[in-house]
Amino acid sequence: MNRSSQAKLIRIFRKIHRISGLNLVIFILVIAISGILLGWKKNSNGYILPSTKKGTTTEVANWLSFDSLKTIACQTMFDSVGPALPVKIDKIDARPDKGVVKFVFDGHYKGIQLDAATGEVMQVATRRSDLIENIHDGSVLDKAFGTGSGIIKIIYTSIMGVSLVAFSITGLWIWYGPKKIKNRKRARKK
């Protein structure tokens, strides 16, 4: 590639880089900040992700049935938060090494931890990490607009993924291209 075509390519890449950056800077900041928070979720002293409590036994054979634990969790959610929030379960997270079962509910960010053997409520907490994750991957927009298919998340992650690849390539070329041109000039002078 000759010098003028290389310089022209650098100008095109700068333009792509600048226009894309200006149009997507807010989204990139949201992804970066939410990514940092997600990286720190287990080291937030229970603020971002509620810390996992320890149950009475790690012997799964001594645990109550999941159906019994689910009934306790749903009743606890209804009693502690009220009838305004739905009690539809999104996830059940069993932790055999801790003797705890966590219930995460759909439609809001409350979670309940139960002692798996006794059914004792160990914690009712807000799972801020789930909200941050939904912001990070764009699924918060699907929830806001009521699209059950997740199409907004797919479009959002695709656009942002392609954009970050384009930023990486154009940014690398913007940095490397001028160095290559300077090296060619030096080689010609010698």
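Because the structure is predicted, anything quoted here is derived from the model rather than measured.
Residue Lys102 forms a side-chain contact (heavy atoms from CB on, under 4.5 Å) with just one option from Thr52, Leu114, Ile112, and that option is Thr52. If you run side-chain contact (heavy atoms from CB on, under 4.5 Å) between Ser20 and each of Leu22, Asn23, Ile16, only Ile16 comes through.
The same ILVMFWY cluster, assembled from side-chain heavy atoms under 4.5 Å apart, contains both Ile92 and Trp63. Clustering ILVMFWY residues whenever any of their side-chain heavy atoms sit less than 4.5 angstrom apart, transitively, puts Ile174 in a cluster other than the one holding Ile28. At a threshold of 4.5 Å between side-chain heavy atoms, the hydrophobic network of Ile, Leu, Val, Met, Phe, Trp and Tyr places Val121 and Phe66 in one connected group. Residues Val30 and Trp40 do not share a hydrophobic cluster, defined by chaining ILVMFWY side chains whose heavy atoms lie under 4.5 Å apart. Neither Tyr47 nor Leu49 shares a network with the other; the hydrophobic side chains, linked directly or stepwise wherever heavy atoms of I, L, V, M, F, W or Y lie under 4.5 Å apart, form separate groups for each.
The closest donor-acceptor contact from the side chain of Ser65 to the backbone of Ser68 lies under 3.5 Å. Using modelled atom types, one side-chain atom of Thr157 and one backbone atom of Ile154 make a donor-acceptor pair closer than 3.5 Å. Checked by atom type and distance alone, the side chain of Thr126 never pairs as donor or acceptor with a backbone atom of Arg128 at under 3.5 Å. Between the Ser44 side chain and the Ile48 main chain, a donor and an acceptor come within less than 3.5 Å of each other. No donor-acceptor pair under 3.5 Å is formed between the side chain of Gln113 and the backbone N or O of Gly55.
Here the straight-line distance linking atom CZ of Arg14 with atom CG of Leu9 works out to 11.0 Å at 0.5 Å rounding. With values rounded to the nearest 0.5 angstrom, Ile151 atom CD1 is found 13.0 Å from Leu141 atom CG. Here CG of Leu24 is found 11.0 Å from CG of Leu29. Values are rounded to the nearest 0.5 Å. Summarising the geometry, atom CD1 belonging to Ile36 is positioned 11.5 Å from atom CD1 belonging to Ile132; distances are rounded to the nearest 0.5 Å.
Ring geometry for Phe105 versus His108: interplanar angle under 30°, hence parallel rather than tilted (30 to 60°).
Within 6.0 Å of atom NZ in Lys143, more than 12 heavy atoms from other residues, nucleotides or ligands are found, so the atom counts as buried in its surroundings. The 12-atom threshold is exceeded at CG of Asp97, counting heavy atoms of other residues, nucleotides or ligands nearer than 6.0 Å.
Contact between Thr57 and Ala117 at its shortest, heavy atoms only, is CG2-CB, 3.4 Å. Across all non-hydrogen atoms, the minimal contact from His136 to Gly35 is ND1-N, 3.5 Å.
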Check step by step if side chain to side chain contact (heavy atoms under 4.5 Å, CB included) holds for Phe103 and Val87.
-> CA-CA 10 Å; Phe103 290 85; Val87 292; over 6 Å; no
Test Asp142 against Lys153 for salt bridge (charged side-chain N to carboxylate O under 4.0 Å, His left out), laying out the working first.
-> CA-CA 7 Å; Asp142 279 313; Lys153 174 184 174 180; over 6 Å; no
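Take Arg127 and apply the salt bridge (charged side-chain N to carboxylate O under 4.0 Å, His left out) test, not counting sequence neighbours, and it matches Asp130.
Salt-bridge check for Asp93 with Arg95: passed, with a basic side-chain N closer than 4.0 Å to an acidic carboxylate O.
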